[in-house]
Amino acid sequence: MAKLYYRFGTMQSNKSNQIITTHHQYTTQGKRCLAYSTPVDTRSGYKKIKSRIGLELDAEYISESIFDDVKALHEEKAVHVIVVDEAQFLSKEDVHNLSDITDELDIPVIAFGLKTDFRNELFEGSKALLELSDAIDELKTICQFCNKKATLNMRLLDGKPVNVGETIQIGDEEYVPVCRKCYKKRLELV
Ligand SMILES: [Zn+2]
């Protein structure tokens, strides 16, 4: 039985790199891996997944017709796995459609993304993935300010930590991985 996987991590936790590596491993073995991203983040350029160490991969954007799209592709030539980047930006409906791909077409789906936003609140896609996934893994990285494991994302605006503003803002500000203690301390929540 295929599974729906959710691999979450903070910023800089190597998610895009793992997607590209997974895709490479499957295709090297002659297996068909479909790569998808979400249309919210277009920084990588149109339909591109880019890792911080310079690797890149073409990807399709997830749409409402994802189940039918994959079904048609699978009938044409067997699909062995599906990888999804920026899964936090999926809608609840998208996640349900991905679970249908796993259950009805028996294709494993591996979704990579952030768990929480800079206010430490779950994204819609993350929440649905935590509720529905068969297997959940955490990708680890280190806090920007100390050596503890980072579990939260901090938004820096002009270099200063902020926890207000729109959930999805892509561009000028910077996001860094931090531990809970540094998050509270820097935002003066303690
Ligand atoms: Zn820290």
Side-chain angles (χ1 to χ4, degrees), residues 2-91 93-102 105-117 123-126 128-130 132-141 150 153 168-171 174-177:
K3 288 182 179 174
L4 172 62
Y5 298 85
Y6 177 35
R7 298 201 171 140
F8 72 87
T10 60
M11 304 299 289
Q12 302 173 23
S13 62
N14 208 24
K15 295 184 291 298
S16 297
N17 194 38
Q18 285 215 8
I19 292 173
I20 296 168
T21 307
T22 302
H23 183 271
H24 180 72
Q25 284 165 343
Y26 274 87
T27 49
T28 305
Q29 294 177 357
K31 293 169 184 162
R32 194 173 184 201
C33 173
L34 303 182
Y36 288 93
S37 189
T38 49
V40 177
D41 184 353
T42 52
R43 280 175 304 177
S44 299
Y46 187 62
K47 297 182 181 179
K48 284 258 187 235
I49 297 171
K50 282 188 181 175
S51 79
R52 286 165 197 269
I53 58 167
L55 302 173
E56 60 177 66
L57 174 69
D58 289 328
E60 295 288 329
Y61 286 142
I62 295 249
S63 73
E64 288 170 4
S65 61
I66 183 71
F67 181 85
D68 292 332
D69 296 347
V70 170
K71 189 166 186 275
L73 289 166
H74 188 51
E75 281 167 359
E76 175 191 285
K77 188 178 171 223
V79 174
H80 296 87
V81 69
I82 291 171
V83 288
V84 181
D85 192 25
E86 305 285 5
Q88 71 275 10
F89 296 138
L90 295 169
S91 67
E93 190 62 36
D94 291 331
V95 176
H96 278 265
N97 291 337
L98 292 176
S99 75
D100 288 343
I101 290 172
T102 298
L105 306 178
D106 203 26
I107 300 170
V109 175
I110 314 173
F112 292 78
L114 301 171
K115 186 175 73 172
T116 52
D117 65 16
F123 288 92
E124 181 179 344
S126 319
L129 282 161
L130 286 168
L132 277 185
S133 298
D134 301 293
I136 298 167
D137 298 308
E138 182 178 20
L139 306 176
K140 296 178 181 70
T141 193
N153 299 293
I168 300 172
Q169 276 188 16
I170 295 160
E174 191 192 350
Y175 294 87
V176 291

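Everything numeric here is computed off the predicted structure, so don't read it as measured data.
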> So which heavy atom on I20 is nearest to which on L55, and how close?
Replying inline: CD1-O, 3.5 Å

>> Does atom CD (E64) have a neighbourhood of more than 12 heavy atoms from anything else shown, all under 6.0 Å?
In response: no

>> To check you understand the geometry: which heavy-atom pair defines the closest contact between Y6 and S126, and what is its length?
In response: OH-CB, 3.3 Å

> Between CG of N97 and CD of E93, what distance do you get to the nearest 0.5 Å?
Replying inline: 5.0 Å

>> Is the shortest side-chain heavy-atom distance between D69 and S63 below 4.5 Å?
In response: yes

>> One pair to check against side chain to side chain contact (heavy atoms under 4.5 Å, CB included): R32 and L34. What are the steps and the verdict?
In response: CA-CA 7 Å; R32 194 173 184 201; L34 303 182; 4.1 Å; yes

> side chain to side chain contact (heavy atoms under 4.5 Å, CB included) between I110 and R7: does it pass, once the steps are laid out?
Replying inline: CA-CA 7 Å; I110 314 173; R7 298 201 171 140; 3.9 Å; yes

> Quick one: are the ring centres of F123 and F89 less than 6.0 Å apart?
Replying inline: yes

>> Return the CD1 to CG distance between I136 and L129, rounded to the nearest 0.5 Å.
In response: 8.0 Å

> Is L105 close to F67 at the side-chain level, that is, under 4.5 Å between some pair of heavy atoms?
Replying inline: yes

> Can you check whether S37 reaches Y61 side chain to side chain, under 4.5 Å on heavy atoms?
Replying inline: yes

>> Let me confirm one number: the CD-OG1 distance from Q12 to T141, rounded to the nearest 0.5 Å.
In response: 6.0 Å

> Between L114 and M11, is any pair of side-chain heavy atoms under 4.5 Å apart?
Replying inline: yes

> Which heavy-atom pair separates A35 from L57 by the least distance, and what is that distance?
Replying inline: CB-CD2, 3.8 Å

>> Closer than 3.5 angstrom, by distance alone: can the side chain of N153 be matched with the main-chain N or O of T10 as a donor-acceptor pair?
In response: no

>> For a 4.5 angstrom cut-off between non-hydrogen side-chain atoms, does K3 reach P108?
In response: no

> Closest approach of L132 and S99, non-hydrogen atoms and distance?
Replying inline: CD1-OG, 4.1 Å

>> Let me confirm one number: the CZ-CG distance from F112 to D137, rounded to the nearest 0.5 Å.
In response: 8.5 Å

> Are any of the side-chain heavy atoms of K71 and E76 separated by less than 4.5 Å?
Replying inline: no

>> Testing I62, I19, T38 one by one against D85 for a side chain to side chain contact (heavy atoms under 4.5 Å, CB included), which residue passes?
In response: I19

> Is the number of heavy atoms from other residues, nucleotides or ligands within 6.0 Å of NE2 (H24) greater than 12?
Replying inline: no

> What's the spacing between S13 OG and F8 CZ if we round to 0.5 Å?
Replying inline: 9.5 Å

>> Checking the side chain of D134 only, and the main-chain atoms of L4 only, is there a donor and an acceptor separated by less than 3.5 Å?
In response: yes

> How far apart are the closest heavy atoms of C33 and V83, and which atoms are they?
Replying inline: SG-CG2, 3.9 Å

> At what distance, to the nearest 0.5 angstrom, does NE2 of H74 lie from CD1 of I82?
Replying inline: 9.0 Å

> So do N14 and L139 actually touch side chain to side chain, heavy atoms under 4.5 Å?
Replying inline: no

> Side chains of D94 and S91: do they bring a donor and an acceptor to under 3.5 Å?
Replying inline: yes

>> Run the side chain to side chain contact (heavy atoms under 4.5 Å, CB included) test on V70 and I107 for me, step by step, so that the C-alpha distance in whole Å, both residues' side-chain angles and the decisive distance to 0.1 Å come before the verdict.
In response: CA-CA 10 Å; V70 170; I107 300 170; 3.9 Å; yes

> Can you check side chain to side chain contact (heavy atoms under 4.5 Å, CB included) on I66 and Y36, steps first, answer last?
Replying inline: CA-CA 10 Å; I66 183 71; Y36 288 93; 3.5 Å; yes

> Do K115 and Q88 come within less than 4.5 Å of each other through their side chains, counting heavy atoms only?
Replying inline: no

